[in-house]
Amino acid sequence: MRFALVGAGFLGLALSGCATDPNLAPARSDTLETQLAQGFQLVIDVPDDGWLNVDVVVDAAQLSEAGEQTSRHLSGTMQGVANSGTGAGGGAAVAGVVISSMLLANLSQSAIEQKARLVAKGQIDPVDQALSGHDWADYYHVAYSRELREQGYAPSLTADLSLRIVPRLRFSEGMRVLRLVTEARVMQGKKVLYAGRIESFAEPVQCEDCLSRWLAQDAAHLHAAANAGVDDSAALLASDWRTSRFSGIASQEQTLRYQLGATRHVERGRLLPLGNSRSVFLSLRGWLKSMPVAVEAR
């Protein structure tokens, strides 16, 4: 979860719509470059949470109100226990009140989050239905193969190594912001020679009916953004294989500020001077983020 300040004055809690493996950590074998030169099989794995999804945003005011109600309930009930003069049994009564209040708080938060997830699902369902016949696995296999070959890394059907990629397209901000999330692992049997994660953000769009915009002309705009994301991600992946950019130095971390669409973001990371039109930085988790906007580092 993360808090996001939105330009319209809305304070929201963004719940991850991306079931990223929590164990995915930056890793790189010292012999990676030599082994990759011998070729690798490209495997596109299906994301557990679907090819397309949308970030879930919960109004923080609702969570705050639920918390205040629980606090008032807890305070009032405990005051009642204190005034009742229950004596030796008071401790057990208080413990019961605390436990029930904690359960009430968790249920309230879960209900609010579940409602937000249903709203998010309603947003993405028309896109899923419109593209239900689209073979995303084949699409990504062709796209990544093409771009990796352009970067000097050609997949091979007979190689011992395998490059396993889990690609996800994720919407946010009322479907105005789209990003391609690429999780990549180079495997030798069960041994991980390389692991990394790249988020490539498309240029935010201005739209009233964003759903229609993405689906117009057989989803031409969606595919164009996905293609650009693959191009960007493959180039960063190849660059990282050559330079070991995922190996960060803690003292180089800075406070990064940027605005994507209507949302202002602040996080810690390391801005990478790549000399191109996009801003790329390494987050505290060792994940690369590629932005179409300027990132201020302090």
Side-chain angles (χ1 to χ4, degrees), residues 1-18 20 49-50 52-65 109 112-128 168-182 197-216 219-229 232-233 254-269 271 276-285 287-298:
M1 299 182 183
R2 61 176 176 81
F3 282 100
L5 293 176
V6 183
F10 174 82
L11 179 62
L13 186 63
L15 305 175
S16 175
C18 184
T20 297
D49 53 342
L52 294 162
N53 218 319
V54 61
D55 289 348
V56 180
V57 179
V58 178
D59 188 345
Q62 295 182 23
L63 291 180
S64 178
E65 176 60 25
Q109 180 172 331
I112 292 170
E113 293 178 359
Q114 180 60 26
K115 181 179 178 181
R117 292 186 189 280
L118 289 174
V119 170
K121 188 176 186 300
Q123 286 182 288
I124 203 67
D125 272 351
V127 185
D128 277 331
R168 297 174 168 94
L169 281 173
R170 293 297 177 262
F171 292 98
S172 59
E173 287 200 29
M175 302 187 76
R176 291 178 176 84
V177 174
L178 177 67
R179 70 187 186 277
L180 174 65
V181 181
T182 299
R197 183 180 188 273
I198 299 168
E199 288 188 58
S200 179
F201 288 77
E203 189 77 34
V205 298
Q206 299 297 324
C207 49
E208 292 297 328
D209 184 358
C210 296
L211 177 61
S212 296
R213 177 185 175 91
W214 289 113
L215 293 180
H221 192 66
L222 177 64
H223 283 103
N227 282 334
D232 185 38
S233 299
Q254 299 170 291
T255 298
L256 306 175
R257 292 180 172 86
Y258 57 96
Q259 182 159 342
L260 200 62
T263 306
R264 290 281 297 172
H265 298 263
V266 179
E267 59 183 297
R268 295 286 292 175
L271 193 61
N276 55 30
S277 61
R278 296 179 66 87
S279 300
V280 180
F281 64 87
L282 195 70
S283 73
L284 290 179
R285 300 191 71 169
W287 296 348
L288 283 173
K289 291 188 177 183
S290 177
M291 303 284 174
V293 297
V295 174
E296 177 187 353
R298 292 183 179 178

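Start at 1 with the first residue, then count along the sequence.
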**L222 vs L169, side chain to side chain contact (heavy atoms under 4.5 Å, CB included): CA-CA, chis, key distance, verdict** = CA-CA 9 Å; L222 177 64; L169 281 173; 4.1 Å; yes
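- Scanning all heavy atoms of the two residues, the minimum distance from I198 to S233 falls at CD1-O, 3.5 Å.
- Across all their heavy atoms, P126 and L211 have their closest contact at CB-CD2, 3.6 Å.
- You'll find the side chain of R264 reaches within 4.5 Å of the side chain of Q259, heavy atoms only.
- Two residues are said to be in side-chain contact when any heavy atoms from C-beta on lie closer than 4.5 Å; R213 and M175 fail this criterion.
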**Request:** List the steps and the verdict of side chain to side chain contact (heavy atoms under 4.5 Å, CB included) for L282 and L288.
**Result:** CA-CA 5 Å; L282 195 70; L288 283 173; 3.8 Å; yes
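- P292 has its side chain within reach of L260: a pair of non-hydrogen atoms, C-beta onward, lies under 4.5 Å apart.
- Atom-to-atom distance recorded for D49:CG and R170:CZ is 4.0 Å, nearest 0.5 angstrom.
- Side-chain contact between V127 and V54 is absent, with no heavy atoms from C-beta onward closer than 4.5 Å.
- Here the closest non-hydrogen pair linking P204 and G261 is CG-N, 3.6 Å.
- Judged as a side chain to side chain donor-acceptor pair (under 3.5 Å), and not counting sequence neighbours, the contacts of S212 are D209.
- Put simply, the residue from R285, K289, R257 that forms a salt bridge (Lys or Arg N to Asp or Glu O under 4.0 Å) with E267 is K289.
- Scanning for ring-ring contact (aromatic ring centres under 6.0 Å, His included) contacts around F171 gives W214, with sequence neighbours left out.
- S290 places no side-chain N or O within 3.5 Å of a backbone atom of V280 that could act as its donor or acceptor partner.
- Side-chain N or O atoms of E173 include one that pairs as donor or acceptor with a backbone N or O of A262 at under 3.5 Å.
- Every residue meeting the salt bridge (Lys or Arg N to Asp or Glu O under 4.0 Å) condition with R278, not counting sequence neighbours, appears here in chain and number order: D232.
- N53 is not listed as a side-chain neighbour of R168, based on a closest heavy-atom distance of 4.5 Å or more.
- Partners of F281 according to the ring-ring contact (aromatic ring centres under 6.0 Å, His included) rule, which considers only residues two or more places apart in sequence or in another chain, are Y258.
- Among residues two or more places apart in sequence or in another chain, the side chain to side chain donor-acceptor pair (under 3.5 Å) test is passed with D128 by none.
- Every residue was checked against the salt bridge (Lys or Arg N to Asp or Glu O under 4.0 Å) condition with E203, not counting sequence neighbours, and none meets it.
- For R176 (side chain) and C207 (main-chain N/O), a donor-acceptor pair under 3.5 Å exists by modelled atom type.
- Using modelled atom types and a 3.5 Å distance limit, the side chains of T255 and R268 yield a donor-acceptor pair.
- Atoms CG and NE2, from L215 and H221 in turn, are 11.5 Å apart once rounded to the nearest 0.5 Å.
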